[in-house]
Amino acid sequence: MKIDIKESFIKTRKAGSIAAGALDEVEKIIKPGITTAKIDRLCYDYINDHDAYSAPLFYRGFPKSCCTSTNHVVCHGIPADKILREGDILNVDVTAYKDGWHGDTSRMFQVGKTSVKAKKLIETTYEAMMKAIKILKENIFLGDIGSTIQEHVESKGFSVVQDFCGHGIGQDFHKAPNVLHYGKKGTGEKLKAGMIFTIEPMINAGKYETKILNDGWTAVTKDKSLSAQFEHTVGITKDGYEIFTESKN
Ligand code: MF3
Ligand code: CO
Ligand code: CO
């Protein structure tokens, strides 16, 4: 069945705005002393109150409604009774499923005062994602995205995680293509108007290698260095792009 581009964009816009709205609410409660379980509850409630589902909940056995990845956790951290402390940095990743479509987004949050190094890492990660988004339009290559991110990140002395990537998204949470955050210009698939996918670079202050903890989900940096990530869901148009998960603030 062929799906109308207009319909897919309208529905992803809706799902994306709910996901972004949840993160806007998370922003308001971040402070030393709260638990990541509290963030999870807030995301669960916000998404339900907007007549949507939290896509991560029970996805391949994932037990919570969002991912909370603190300090050296790269991604897929599981919300728990862990208390956030002054100086922590964390990524919160939410995905809303609304009227059959997904919107997936994540942001970094800083708990109280954080180090200069942490701030620089977060800033560089955000810049890398936005630089890649700004080149998007029909007929550029998937590899142009990865090379734009890698070039910026490495110029600042940080490294790009290779074990996880962005992904096509729509009626399925994760689908083709894989969107690598490193690579060479002019390589890979050509982008077509109507494509919808995520860009979600994970950037490490140290080496790029990761490992998965015994819970089967939590990915951490092997060298225990800090890691940061941002994620937007984007759609390709003839002459550019649309970001579906922008903050309303
Ligand atoms: N939101 C994550 C992504 O960006 C995926 C989380 S899957 C989960 O693709 F099961 F860990 F929630
Ligand atoms: Co996500
Ligand atoms: Co994603």
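Ligands are counted one by one from 1 in listed order, and the atoms in each one are counted from 1 as well.
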Enclosure of Phe141 CZ (heavy-atom neighbours >12, cutoff 6.0 Å): yes

Does the distance from a Lys or Arg side-chain N to an Asp or Glu carboxylate O, for Lys11 and Glu7, drop under 4.0 Å? yes

His174 heavy atoms within 4.0 Å reach ligand 1 at atoms 3 (C), 5 (C), 9 (O)

- Aromatic ring proximity His76/Phe62, centre distance under 6.0 Å: no

Open item on the list: Less than 4.0 angstrom from a charged side-chain N to a carboxylate O is my criterion; do Arg107 and Asp24 meet it?
Closed with: yes

Other residues, nucleotides, ligands: >12 heavy atoms within 6.0 Å of Tyr53 OH: no

Checklist entry - Should Thr95 and Tyr59 count as side-chain neighbours, where that means a heavy-atom distance under 4.5 Å? => result no

Checklist entry - Under 3.5 Å between some N or O of ligand 1 and some N or O of Glu200? => result yes

Atoms of type N, O or S from protein under 2.8 Å of the Co ion (ligand 2), total 4

Exercise. Does His167, backbone or side chain, put an N or O under 3.5 Å from an N or O of ligand 1?
Worked result: yes

**Phe9 and Phe244 aromatic centres sub-6.0 Å** = yes

request  = Determine whether any heavy atom of Arg60 lies closer than 4.0 Å to an atom of ligand 1.
outcome  = no

For this session: Flag Glu231 as yes when one of its N or O atoms lies below 3.5 Å from any N or O atom of ligand 1, and as no otherwise.
Result: yes

Note: Thr198, heavy atoms under 4.0 Å from ligand 1, region reported as neither

The side chain to side chain contact (heavy atoms under 4.5 Å, CB included) partners of Lys31 (sequence neighbours excluded) come to Ile34

Logged contact type for Cys67 with ligand 1, heavy-atom cut-off 4.0 Å, is side chain

Lys131 atom NZ, neighbour heavy-atom count above 12 within 6.0 Å:
no

Flag the pair Lys156 and Glu123 as a salt bridge only when some basic side-chain nitrogen lies within less than 4.0 angstrom of an acidic carboxylate oxygen. no

- [ ] Kindly confirm whether the Co ion (ligand 3) is within less than 2.8 Å of some N/O/S atom in His174?
- [x] no

